[in-house]
Amino acid sequence: MRAIGEHTYSLIAGSRYLEITQTDESCSFSCDESEFEEFWKRYFDLDTDYAAYISRINPNDSYLVQASEAGYGVRILRQDLWETIVSFLISQQNNIVRIRKCIQNICEKYGEEKKNFKGETYYAFPTPQSLANQDEDALKECNLGYRSKYVVRTARYFTDNPGKLEEITKLSYLKAKEELLTLFGVGIKVAECICLFSLHHLQAFPIDTHIKQALDQHYKRGFPKRRYKGFEGVIQQYIFYYELIS
DNA sequence: CGCCAGGGGAGCT
DNA sequence: AGCTCCCCTGGC
């Protein structure tokens, strides 16, 4: 997602291209209604009532109340599994600006060239096949550094095991996490991110350095995870977003 | 130039 | 569970 105008954003998901323009409290999508209904509605999780989650926040927890108010528009997306795995493999020991650049680089180098509805060129996310064919260090050219071999080996794993990606989407949270942890370069934090941002397992609660710092600071007696059982990941995102903008 | 942190992970003990 | 080392780039 990137801003292309004051209230307009463009987004590439898989091989799809979308523009969203916000006016006041409503958003208009560049796609037709059937694509919106069939794909983007689910992608942005627009049928879920997030206010219901927010209403379950402890009213005495002023930090979390403020965080949820600041992030009332946050949505847990359903991003493509393969794309999410690669993106979070790249994210480790890395900053957002460089992560975006890395992803852009591999898309331009290994993704299929496409045209959007305005006739502009964009690049789809590279397929497992296109990355599996590369040398383990090839993606260093895309600025991935030592993460290159994580991505290439994982790509090979999925081309060697056709149907595996689809299989993982059908697993429970714990089984999916277990499966993801077997991938080279995937540890607990990255597995949790994939579970949350692609598989939509809202129980997933990724703890990165920022979240850990925030939890240590605001919950000295431990974060009350049990209270938010089943949607811990939504709460995590309010905390994450709040820390990001503060 | 060296140092170190940036949305961890692998491999040992 | 905790430790060490791994590894790359950008900023200082």
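Proteins get letters first, then strands, A, B, ... in listed order; numbering begins at 1 in each.
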Picking from B:dG6, B:dG9, B:dA10, the nucleotide nearest the side-chain atoms of A:Q92 would be B:dG9

note: A:N94, atom CG; B:dG9, atom P; distance rounded to Å ~ 13 Å

To the nearest angstrom, the CZ-P distance between A:R147 and C:dC7 comes to 13 Å

Task: Heavy-atom neighbours of A:K229 NZ exceed 12 at 6.0 Å - done: no

In whole angstroms, the gap separating C1' of C:dG11 from CG of A:N143 amounts to 14 Å

- Validation row, ring centre A:Y123 to ring centre A:Y110 under 6.0 Å: no

Ranking A:R98 and A:V186 by the position along DNA chain B of their nearest nucleotide, the one closer to 5' is A:R98

Re C:dC5: Watson-Crick or G-U wobble partner, both distances kept under 3.5 Å, found to be B:dG9

Answer for the Watson-Crick or wobble partner of C:dG10, both distances under 3.5 Å, is B:dC4

(Q) For a quick check of understanding: with a heavy-atom distance under 4.0 Å over all strands, which category does A:L89 fall into, base, sugar-phosphate or nothing? (A) nothing

Atom NZ of A:K149 and atom P of C:dC8 are separated, to the nearest Å, by 7 Å

Between A:Y53 and A:Y238, does the ring pair (Phe, Tyr, Trp, His ring centres under 6.0 Å) criterion hold? Intermediate values first, please.
CA-CA 11 Å; A:Y53 295 132; A:Y238 292 135; 8.4 Å; no

If you take the centroid of each ring, where Trp contributes its six-membered ring, are A:Y242 and A:Y63 closer together than 6.0 Å?
yes

C:dC5 and B:dG7: how far apart are their P atoms, nearest whole angstrom? 24 Å

Margin query: Mind checking if A:F240 touches a base, just sugar-phosphate, or nothing, with heavy atoms under 4.0 Å?
Written below: base

message = Looking at A:Q213, I want to see if its CD is surrounded by more than 12 non-hydrogen atoms of other residues, nucleotides or ligands under 6.0 Å.
response = no

Mind checking A:I96 for me? I need base, sugar-phosphate or nothing, with any heavy atom below 4.0 Å counting as a touch.
base

Determine the Euclidean distance between corresponding C1' atoms of C:dC6 and B:dC4; express it in Å to zero decimal places. 15 Å

Separation of B:dA10 atom P from A:R153 atom CZ, nearest Å, is 10 Å

From CD1 of A:I85 across to C1' of B:dG7 the rounded distance in Å is 18 Å

Taking atom C1' in both B:dC3 and C:dC7, what distance in whole Å separates the two? 16 Å

Output yes when at least one side-chain N/O atom of A:K140 is less than 4.0 Å from OP1 or OP2 of C:dC8, else no. yes

note: A:L144, atom CG; B:dG6, atom C1'; distance rounded to Å ~ 15 Å

- State plainly whether the residues A:D45 and A:R78 are in salt-bridge range, i.e. N to O under 4.0 Å. yes

Closest of C:dG10, B:dG7, B:dG8 to the A:Y146 side chain is B:dG8

Against the side chain of A:Y150, the closest entry in C:dC7, B:dG9, C:dC8 is B:dG9

A:Q93 CD to C:dC5 P, in whole Å, measures 16 Å

